[in-house]
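Report on one structure; see the data block that follows.
Chain A is the first sequence line, chain B the second, and so forth, proteins listed ahead of strands; every chain is numbered from 1.
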Amino acid sequence: MTNLFNYIDRKSKVHDLTGATKFVCLLLWSFAAMYTYDTRFLLALTALSLILFPLSKIRVKDVSFMLGFTAVFMILNNVLVYLFSPQHGTEIYGTCTYLFGLTGKYAPTKEQLFYHFNYFLKYLASIPVVILFVSTTNPSEFAASLNKIGVKYSIAYSVALALRYIPDVQKEYDEISKAQQARGIEMSKKATLINRIKSAAAILIPLILTSMDRVEIVSNAMELRGFGKNKKRTWYMGRPFKASDILAMAFCVLLVVIAALLNIINKSRFYNPFV
Amino acid sequence: MSNILEFKDFGFKYDAQSSPTLFDINFSIKKGEKVLIAGPSGCGKSTLVHCMNGLVPFSYRGKMTGSLSLFDKETRDLSLFEISKHVGTVLQDSDAQFVGLTVAEDIAFALENDCIKEPRLHERVSEVAKLVNIQDFLDHAPSQLSGGQKQRVSLGGVLVDDVDLLIFDEPLANLDPKTGKQAIELIDELSKKTGVGVIIVEHRLEDVLHRHVDRVVIMDKGRIVTDTTPDELVSSDVLNEKGVREPLYIAAMKYAGIKVTPDLLPGSIDTVKIGDEESRLLKNWYEHAPKETIENNQDYLLDVRNLSFSYDGKRKALDNISIKVKSGEMLAIVGTNGAGKSTFSKVLCGFEKKDEGDIFYEGKDFSLLSIKERADEIGYVMQNPNQMISKVMIFDEVALGLRTRGVCEDEIKERVEETLKICGLWPFRNWPVAALSYGQKKRVTIASIMVLKPKVIILDEPTAGQDYRHYTEIMEFLSSLNKLGITVIMITHDMHLMLEYANRSVAFSKGRIIKDDECAKVLTDKETIDEASLKETSLYELCKKAGIEDATDFVRRFIAYEREVVRK
């Protein structure tokens, strides 16, 4: 069973940052990467994000599943963009340079390929950071620091709580699904779509009912131990902000500023080497 | 010493119900006292617990009459949080009570809510972890812990608050017999060490009485029927009248014609005095008790050879399992959590694929069949009926398996009706499932499997969390199915169930079968008991005290006597 929040516990500079810092950095970083199509900037971001891997002591092997998953998605996305607007690049860059002597709607152009290259870079610049965030952030500590940056603790705690019970629900789903299959509920591709939806109900209804039972027990258990008593609470896994946290966030703000400046200098979101 | 909690002419009615749940409750508990509360399901003990820990009236609304005071203050004038500073509750489902992602965080939960700051927070957590002996597992997630360890975490999470009263709601329900025994010992030690008052709500009377208890309260229909010492209680007939199971050694003494009186100190097997006269009566009964006639059927239905299976490819969850099941057997599979009992049934039903070995069913290779095909031969009933029920009406629920198999409606009607009759659900055939009790729902799930006419049914913990009456109801039903020729395989922690209903038990430990024998032998074999996390039956100790040498044979005859004479 794959864990959604694949936290990998190691000692590194990145692990040392608080969850809130990493969350803010993640938002700023992705914003910067999404904001501009400046190729030079995206290349620099990609290089930086790759340096972060050894810095976090996370090996590619550890996150290969997630990388593979996003790679498939990225390729699919690029293919679709090409299928639906093969002339998008020429529209953006204002020139049209056909390659390989071909012409027509789907003929490759230098501009379109360059556009795809940039699109590709955007993924490369942001996905590794998302993966790093997921694998270096302890979920409880993340909840604690969310609370620290002003998120209500009942909301922050629900993040941790969801993570706590997801494996239980997964296990229960698996068991219910097997027992229902034994009664003849067909879940494989052999069944028609309508039948599969009907089958899903045979698994989901018992799952929901047993989960509802659990919700009542859990909320009683939490109340009996004083959850919701005070406006504030402390966190066992909480950590104070350090200089490195401030530094990391300042750096990411700088990235956004650079992205904004580049957009002004380029007079558009695109860096255009064709004119 | 003053009372922690005191009920005076107390009554309670839930807003959602038309009649009161509790009447005329007069009961109090002092510091250092240990009280056991028992009674059949629906007797009001859960509501009583809710009144004590403040969930009534603060989470479950209703009308209180009379007085309930915590240190001389009416609880209705306090808040749930104020009450929880004094009264700690360890819930039955320690899995659900575990709200933290790790042991340390779960123990810290109440402190965090109290805004306790560092370094006190970490200090207090490690203090308490030591108290409940879980200090080596502080960074473990709940999935990495055993049932007993989870319960200790729950206990720790409550003890961080320096409570005055600890309430345990069915602490034995999810534990194997040996862990349950250790839990009772831990509760006893803690109550001595910390001087808190302890209330244990549990219907497994004999297991709780393993350690000293000051008083036992028996409830029935919302009233307290009796509030007395264990010695007085087991000497009376209250237990049998109110549907609470009597300790086995007491039953045996009564069968033997011994007059059980409080001066024999019969409250616990450790204290009960078996003098010359008592020994004579026991021996006399033993010699004249009927011997069970064992029917020898040589017809193997299921033959499993050298079966191995692993979830992760590293640790073997099943290691070279060989087992033969005869047609018409009633078989118990026992062992600690994680010993491979459930895994075995999953591999058998095809939920998981075996790595090595063979499964033969009626001489044919079973592993070639799909989940669905296997289900026509071997039915699997999950522990919690809510995990299986997906239809609104009972008829549709039972018909589900036939409909998915494309049986025509006329035949479905006929087969479902026939099954409903066998399962005693005929009067409810037009009812919605939601209107049924837990035990009846269990019957519906069994019926929904039986309708496919399997020759074998496997039940995961068929009686977990059931009181004696429902337990008897479910088990009598299963044994009636068994008499119709259905082979019944039960995965269980309940040693009474084994003794009373199974013809044979198979003990699992660490993925291997360590014993496969008649129940009387398994439950009197020290080594197996230890390794499979079972508990010696009190009959064994009784034999020692009475000087009866062949305890196994005594147990055998006791079972036969109960089957033939008592339970007709």
Side-chain angles (χ1 to χ4, degrees), chain A residues 7 9 138-140 143-144 153 157 160-161 163-165 167-168 171-172 174-186 195 199 201-207 209-210 212-238 240, chain B residues 53-55 58-59 80-81 84-85 88-89 91 93 95-102 104-105 108-118 121-122 125 141-143 157-158 161 346 349-351 371-372 374-375 379-380 382 384 386-391 400-405 448-449 452:
Chain A
Y7 173 59
D9 192 13
N138 178 320
S140 323
Y153 78 73
Y157 204 83
L161 210 58
L163 294 168
R164 155 71 185 90
Y165 289 107
D168 286 14
K171 198 175 139 218
E172 189 143 15
D174 198 47
E175 282 181 5
I176 292 174
S177 147
K178 294 279 171 52
Q180 297 295 58
Q181 281 179 46
R183 291 170 72 190
I185 302 286
E186 190 68 69
N195 277 337
S199 314
I203 296 166
L204 289 179
I205 290 171
L207 185 70
L209 289 181
T210 48
M212 296 294 269
D213 291 348
R214 192 196 299 266
V215 167
E216 188 185 330
I217 301 173
V218 173
S219 68
N220 278 346
M222 290 173 71
E223 248 185 303
L224 283 175
R225 288 156 77 193
F227 190 79
K229 175 168 25 175
N230 300 312
K231 287 233 161 57
K232 281 185 182 169
R233 81 196 291 272
T234 52
W235 300 79
Y236 185 83
M237 296 297 283
Chain B
N53 62 24
L55 284 176
F58 298 107
S59 287
L80 177 57
F81 302 127
S84 73
K85 287 279 109 184
T89 317
L91 301 179
D93 187 349
D95 232 338
Q97 185 165 10
F98 203 127
V99 292
L101 278 163
T102 60
E105 286 168 78
F109 189 73
L111 301 173
E112 293 175 332
N113 294 329
D114 264 334
C115 299
I116 305 295
K117 293 205 175 61
E118 298 299 348
L121 186 55
H122 273 75
V125 168
S143 60
V158 164
D161 258 345
K346 282 178 189 161
C349 295
F351 299 176
I371 294 188
K372 194 171 160 183
R374 292 188 199 197
Y380 177 69
M382 299 176 83
N384 178 352
N386 292 333
Q387 288 173 306
M388 295 182 77
I389 293 171
S390 60
K391 297 284 179 209
L400 179 71
L402 293 175
R403 293 210 169 116
T404 58
R405 281 164 174 77
S448 68
I449 295 300
L452 302 174

Could you tell me whether the side chain of A:R225 reaches within less than 4.5 Å of the side chain of B:V99, counting heavy atoms only?
-> yes
Would you mind checking which part of A:S140 comes under 4.5 Å of any heavy atom in chain B, side chain (CB onward), backbone (N, CA, C, O), both or neither?
-> both
Residue selection (most heavy-atom pairs with chain B, distance under 4.5 Å) from A:G238, A:G226, A:A221 | A:G226
Validation row: B:I389, A:P206 side chains within 4.5 angstrom (heavy atoms) | no
Which residue out of A:L209, A:V215, A:V218, A:L207 racks up the most heavy-atom pairs below 4.5 Å with chain B?
-> A:V218
Contact part of B:D95 toward chain A, heavy-atom cut-off under 4.5 Å: side chain, backbone, both or neither?
-> both
Should A:Q181 and B:K372 count as side-chain neighbours, where that means a heavy-atom distance under 4.5 Å?
-> no
Hey, does the side chain of A:Q180 reach the backbone of B:M388 with a donor-acceptor pair shorter than 3.5 angstrom?
-> yes
Residue, of B:C349, B:P142, B:G54, that accumulates the most heavy atom pairs under 4.5 Å with chain A = B:P142
Main-chain N/O of A:R233 paired with B:N113 side-chain donor or acceptor, under 3.5 Å = no
Roughly how far apart are B:L55 CG and A:N220 CG, rounded to 0.5 Å?
-> 4.5 Å
Answer with side chain, backbone, both or neither: which region of A:E175 has an atom nearer than 4.5 Å to a non-hydrogen atom of chain B?
-> both
Name the member of B:R403, B:H122, B:R374 that forms the most heavy-atom pairs with chain A at distances under 4.5 Å.
-> B:H122
Please look at B:S143 and chain A and tell me whether the side chain, the backbone, both or neither of the residue comes under 4.5 angstrom of a heavy atom of that chain.
-> neither
For the side chain of A:K178 and the backbone of B:F351, is there at least one donor-acceptor N/O pair under 3.5 Å apart?
-> yes
Counting heavy-atom pairs under 4.5 Å with chain A, the top scorer among B:L402, B:D114, B:N384 is B:D114
Atom group of A:D9 that falls short of 4.5 Å from chain B, counting heavy atoms = neither
Hey, is the main chain of B:A96 close enough, under 3.5 Å, to the side chain of A:Y165 for a donor-acceptor pair?
-> yes
Give, as side chain, backbone, both or neither, the part of B:N53 having an atom under 4.5 angstrom from any heavy atom of chain A.
-> both
Any chance you could measure A:S177, atom OG, to B:I371, atom CD1, to the nearest 0.5 Å?
-> 7.5 Å
Scanning both residues in full, the closest heavy-atom pair of A:Y236 with B:A108 reads CD1-CB, 3.6 Å
B:I449 versus chain A, heavy atoms under 4.5 Å apart: side chain, backbone, both or neither?
-> side chain
Assess whether atom NZ of B:K391 is packed by more than 12 heavy atoms of other residues, nucleotides or ligands within 6.0 Å.
-> no
Output yes when a side-chain donor or acceptor of A:T234 lies under 3.5 Å from a complementary backbone atom of B:I116, and no otherwise.
-> yes
Is the shortest heavy-atom distance from the side chain of B:L80 to the side chain of A:E223 under 4.5 Å?
-> yes
Side-chain donor or acceptor of B:Q387 paired with backbone N/O of A:T210 under 3.5 Å | no
Ring centroid separation for B:F109 and A:Y157, is it under 6.0 angstrom?
-> yes
Close side-chain approach of B:V158 and A:L224, heavy atoms under 4.5 Å = no
How close do A:A182 and B:A375 get, heavy atom to heavy atom, and via which atoms?
-> O-CB, 2.8 Å
Counting distance only, does the side-chain N/O of B:R405 pair as donor-acceptor with the main-chain N or O of A:R183 below 3.5 Å?
-> yes
Any donor-acceptor pair under 3.5 Å linking the side chain of A:R164 with the backbone of B:F98?
-> yes
Ranking B:K85, B:K117, B:E118, B:M382 by heavy-atom pairs under 4.5 Å to chain A gives rank one to B:M382
Find the one option among B:Q97, B:E105, B:E112 whose heavy-atom pairs under 4.5 Å with chain A are most numerous.
-> B:E112
